[in-house]
Amino acid sequence: MFIGFAEGDGALLRDKNDRISFVNTQNESKILYHIKDILGFGNVTFDLNAILIDIKVLDNSALFKLAILFNGNLFFCPIE
C-alpha cells in the first residue's frame, strides 16, 4: 500500500547542492504519522499557509532503505 501511496503523492527531489530527499504531501497528518511510525524515520512538518502536511526523508541511510523498498516495486506508465 505504501508503494502506491508514494507513487501517487510522493516525490524524490534533488536540490541545487545535489542532496536527495523524499517528500510526500497530504492534507491529513494521521496517515503521515502512521507512515513515519511504521518506517521508523522521516519528519512530519506542517505548512500552515498552504494547509498541507509533509513527510520528508533527508537522511542518506533512510533514503537507501526507501530505495531498497522501491526497487522493483514501482510502476511507470509512459505519457503519450
Transitively linked via ILVMFWY side-chain contacts under 4.5 Å: Ile31 with Val44? yes
Rounded to the nearest 0.5 angstrom, the CG-CG distance for Asp47 and Asn27 is 12.5 Å
Output for pair (Phe41 CZ, Leu66 CG), nearest 0.5 Å, gives 4.0 Å
In short, Ser21 meets Leu58 closest at the heavy-atom pair CB-CD2, 3.3 Å
In this structure, CG of Asp15 is separated from CG of Asn17 (nearest 0.5 Å) by 5.0 Å
Using the rule given for side chain to side chain contact (heavy atoms under 4.5 Å, CB included), can you reason through His34 versus Ile38, listing the C-alpha separation, both sets of side-chain angles and the distance that settles it, and then say yes or no? CA-CA 6 Å; His34 182 69; Ile38 295 296; 3.8 Å; yes
What closest approach, in Å, do Ser29 and Ile53 show between heavy atoms, and which atom pair accounts for it? N-CD1, 3.8 Å
Working to the nearest 0.5 Å, report the span between CZ of Phe70 and CG of Leu63. 9.5 Å
So for atom CD1, which belongs to Ile68, do other residues, nucleotides or ligands contribute more than 12 heavy atoms lying within a distance under 6.0 Å? yes
Can you hop from Leu39 to Leu12 via hydrophobic side chains spaced under 4.5 Å? yes
Give a yes-or-no answer on whether the side chains of Asp59 and Ser61 include a donor-acceptor pair shorter than 3.5 Å. yes
CZ of Arg19 to CG of Asn60, rounded to nearest 0.5 Å, is 10.5 Å
Working to the nearest 0.5 angstrom, can you tell me the gap between Asp9 CG and Ile55 CD1? 12.5 Å
Say whether Phe22 and Leu52 are linked into one hydrophobic cluster, either directly or through other cluster members, by side-chain heavy-atom distances under 4.5 angstrom. no
Consider only side-chain heavy atoms of I, L, V, M, F, W and Y, link residues closer than 4.5 Å, and tell whether Phe46 and Leu32 are in one cluster. yes
